[in-house]
Chemist: 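Here it is, the structure, as structure tokens.
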2 protein chains.
Amino acid sequence: MAETEHAVPTEHVHLTHEGMLRAAQLRVTRPRLAVMDALHERPHADTGTVIALVRGRHTNVSHQAVYDCLHALTDAGLVRRIQPSGSTARYELRVGDNHHHAVCRSCGSITDVDCAVGSVPCLHADDPQGFTIDEAEVVYWGLCSVCQDAADDSQDQSPTRTTQPTMEGRR
Amino acid sequence: MAETEHAVPTEHVHLTHEGMLRAAQLRVTRPRLAVMDALHERPHADTGTVIALVRGRHTNVSHQAVYDCLHALTDAGLVRRIQPSGSTARYELRVGDNHHHAVCRSCGSITDVDCAVGSVPCLHADDPQGFTIDEAEVVYWGLCSVCQDAADDSQDQSPTRTTQPTMEGRR
DNA sequence: GCACGTAACTTGAATGTGTCAAGAAAACGC
DNA sequence: GCGTTTTCTTGACACATTCAAGTTACGTGC
């Protein structure tokens, strides 16, 4: 189980989150802070995971509230929503940089990938019939190191990894 | 309503589809041919559209059969499944080339985009922590020419376009 | 051409993610 | 502190997709 990935005290994170909410002119509420904490602790978490994390450490929060929070935060640009094919919606605290994601076909784990080609990678599609493009979203599909090793070692031993659900969506 | 986009007689297309099924060692059934016809006529159609098209010109086909066909065809590599964030699954007859998609934030229409950087574009992520990447999927987000014009002209006139449903998923 | 075995389809129900709606609670500005 | 507005709670709903059991029909061998 992954701990907080950056070595930042929780209080400071909390204060930062509060400031981010205020800067975005959003009201500071317990559910919103809890959602942001959850996403800070577990990047790329899906909605169910967020709900579980929020409920794990705080008082009861309705699933609807979590959905509302995620929508509000996404609309405000504080949270980024990603949804690889075959997966439910996942969220991450937006870092503001332009990074992409690598998704493991076997276990569904998601890893951040820095832009391969400089800062703005594949944003230059050659005039796609009048389209005005403002964002390029890149998803790399493959096998994570763990699942790859498991596949190499033996074929009858199914790969297990972290707490991410198995992903069967993609061929 | 768009006609068949390539000037190929339907019979030939049908024969081609049958051959593709046999080559993939799949049984040739009416529902499968109907699904392939539907995708040939309407690329990037979602499941509901495929069901409607199949039922429109053929006898009753259960929705379950359409799902099974799409899965079988996807597994066999004859059909490619795409799922932009906020949209349901969409399918297209696989051309075998490595092309990407541009999705309109306003009307949800999808346009094919040829690879910007040569034949295999963004496949080289710089060693994403041991990931073995076999495919890079790129989705360009923006506005199609129609919705762009509509936005430029007047703001109170909502853009209308083809028969694609409105897309509200993405910010 | 006919029969058999298996893959594929039909029917019906279930799962689960996400949304809608109405009322209650709480955050923020004064 | 008080009122307004946003946000949360509760409950129900909508929809895409899947599961399961039984029937149909495709393809192969005779």
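Below, chain A is the first sequence line, B the second, and so on; all start at residue 1.
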Chemist: With the side chain of B/Thr88 defined as its heavy atoms from C-beta on, choose the nearest nucleotide among D/dT17, C/dC9, D/dT9.
Modeler: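 In terms of side-chain proximity for B/Thr88, the closest of D/dT17, C/dC9, D/dT9 is D/dT17.
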
Chemist: In whole angstrom, give the distance that lies between atom CG of B/Leu73 and atom P of C/dA7.
Modeler: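 Whole-Å distance recorded here is 17 Å.
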
Chemist: So how far is it from B/His101 NE2 to B/Thr111 OG1, rounded to the nearest 0.5 Å?
Modeler: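 If we round to the nearest 0.5 Å, B/His101:NE2 and B/Thr111:OG1 are 9.0 Å apart.
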
Chemist: Between CG of B/Asp134 and CG of A/Leu143, what distance do you get to the nearest 0.5 Å?
Modeler: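 The CG atom of A/Leu143 is 7.0 Å from CG of B/Asp134, to the nearest 0.5 Å.
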
Chemist: On a plain distance test, is the side chain of A/Arg27 in donor-acceptor contact with the base of D/dT7 below 3.5 Å?
Modeler: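 Answer no: no donor N or O sits under 3.5 Å from an acceptor.
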
Chemist: Starting from P on C/dT19, measure out to CG on A/Leu70 and report it in whole angstrom.
Modeler: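 Whole-Å distance recorded here is 10 Å.
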
Chemist: Nearest 0.5 Å, what's the CZ-CD1 distance between A/Phe131 and B/Ile110?
Modeler: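 Nearest 0.5 Å value for the CZ-CD1 distance: 8.5 Å.
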
Chemist: Base, sugar-phosphate, or nothing: which does B/Ala89 touch, judged by heavy atoms less than 4.0 Å apart?
Modeler: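 If one applies the 4.0 Å heavy-atom cut-off, B/Ala89 turns out to touch the sugar-phosphate alone, with no base involved.
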
Chemist: At under 4.0 Å between heavy atoms, what does B/Arg30 touch on the DNA or RNA strands: base, sugar-phosphate, or nothing?
Modeler: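 Nothing: the residue B/Arg30, judged by heavy atoms under 4.0 Å, touches no strand.
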
Chemist: To the nearest Å, give me how far apart CE (A/Met36) and P (D/dT7) are.
Modeler: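 That distance rounds to 14 Å.
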
Chemist: Looking only at heavy atoms, which two atoms of A/Arg90 and A/Gly108 are closest? And how far apart?
Modeler: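 Looking at all heavy atoms of both residues, the shortest contact is NH2-O, 4.4 Å.
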
Chemist: Of the listed nucleotides (C/dA8, C/dG18, D/dC8), which one gets closest to any side-chain atom of A/His63?
Modeler: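 For A/His63, the side-chain atoms sit closest to C/dG18.
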
Chemist: Take B/Thr47 and B/Arg22, find for each the nucleotide of DNA chain D with the closest heavy atom, and name the residue whose nucleotide sits nearer the 5' end.
Modeler: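 So the residue in question is B/Thr47.
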
Chemist: B/Asn60 CG to C/dT11 P: how many Å, rounded?
Modeler: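 The distance from CG of B/Asn60 to P of C/dT11 comes to 7 Å, rounded to the nearest Å.
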
Chemist: Side-chain N or O of A/Thr29 versus OP1/OP2 of D/dC8: is the shortest distance under 4.0 Å?
Modeler: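 Yes.
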
Chemist: Which nucleotide wins on minimum distance to the side chain of B/Tyr67, given the candidates C/dT10, D/dT10, D/dT18?
Modeler: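 Taking heavy atoms from C-beta onward, the closest nucleotide is D/dT18.
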
Chemist: Which nucleotide in the set D/dC8, C/dT19, C/dC9 lies at the smallest distance from any side-chain heavy atom of A/His71?
Modeler: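 Shortest atom-to-atom distance from the side chain points to C/dT19.
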
Chemist: How close or far is atom P of C/dA26 from atom CG of A/Leu21, stated in whole angstroms?
Modeler: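 Spelled out: CG on A/Leu21 to P on C/dA26 is 18 Å.
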
Chemist: Membership question, hydrophobic clusters at under 4.5 Å side-chain separation (ILVMFWY): are B/Leu53 and B/Leu93 in the same one?
Modeler: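 Each belongs to a different hydrophobic cluster.
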
